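Shown next, in structure tokens, is the structure this report addresses.
These numbers were taken from a predicted model, which means no experiment stands behind them.
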Amino acid sequence: MSQFTSHLTKAAHRNWAAAERLKNAEAPDRTTAGYLYGIAAECAIKALYRGISWTTDSKDGPVYAHFPEIKAKLRDSISGRGATQLVQFTDQHYMEGWAIKIRYSDGARPDAATLERWRADADLARSALP
């Protein structure tokens, strides 16, 4: 059995790259690309949060949360100098409409405009990484 080592920054970039390939394919897969943009955003935000103030390994903390819940958990737990960088990811419109359950969907959504919005939101988080 192999072990996987967590590395949120690398995971953010890897999921972003995979989403880009699916979005730009000859036959684009918007659903899977959208899913991966959300995962990339979550990994990037969690990497940023971990680097600033990682205070809990509780299953109730932001590290185990997904959009939209991660926004509220992040908002409730950030403070100090690091909060300025992270507060932008708690906005009500950030990754709006994205949910982890997209992985179980019929593949009919998101539409092109929503996919572009999720892409831009994920890029905002990814671009904040060192």
Can you check side chain to side chain contact (heavy atoms under 4.5 Å, CB included) on L115 and Y37, steps first, answer last?
CA-CA 9 Å; L115 182 65; Y37 284 132; 3.7 Å; yes
Determine the minimum heavy-atom distance between [X] and [Y], stating which atoms define it.
| X | Y | result |
| --- | --- | --- |
| S105 | T31 | OG-CG2, 3.3 Å |
| W118 | G34 | CE3-CA, 3.7 Å |
| A41 | A122 | CB-CA, 3.9 Å |
| C43 | A11 | SG-CB, 3.8 Å |
| A128 | Q85 | O-NE2, 3.4 Å |
| P28 | K23 | CB-O, 3.5 Å |

Backbone N or O of [Y] within a donor-acceptor pair of the [X] side chain at under 3.5 Å?
| X | Y | answer |
| --- | --- | --- |
| S127 | L124 | no |
| D123 | R119 | no |
| D29 | L22 | no |

So how far is it from [X] [atom1] to [Y] [atom2], rounded to the nearest 0.5 Å?
| X | Y | atom1 | atom2 | result |
| --- | --- | --- | --- | --- |
| Q88 | I45 | CD | CD1 | 8.5 Å |
| R75 | T90 | CZ | OG1 | 5.0 Å |
| I102 | I39 | CD1 | CD1 | 9.5 Å |
| L86 | K46 | CG | NZ | 13.5 Å |

Check for me whether the distance between the ring centres of Y94 and F67 falls short of 6.0 Å.
yes
Result for side-chain contact (heavy atoms from CB on, under 4.5 Å) between L48 and one of L129, L8, L74 points to L129
Would you mind checking if E96 and K71 are paired as a salt bridge, meaning a charged N to carboxylate O distance below 4.0 Å?
no
Whether over 12 other heavy atoms sit under 6.0 Å from R103 CZ:
yes
Under the side chain to side chain contact (heavy atoms under 4.5 Å, CB included) rule, what do W98 and D121 come out as? Steps first, then yes or no, please.
CA-CA 11 Å; W98 192 94; D121 285 349; over 6 Å; no
Between L36 and W16, is the side chain to side chain contact (heavy atoms under 4.5 Å, CB included) condition met? List the steps.
CA-CA 7 Å; L36 292 173; W16 167 269; over 6 Å; no
Heavy atoms, side chains only, cut-off 4.5 Å: are M95 and I70 in contact?
no
Any chance you could lay out the side chain to side chain contact (heavy atoms under 4.5 Å, CB included) test for H7 and T9, step after step, and finish with the verdict?
CA-CA 6 Å; H7 195 294; T9 299; 3.7 Å; yes
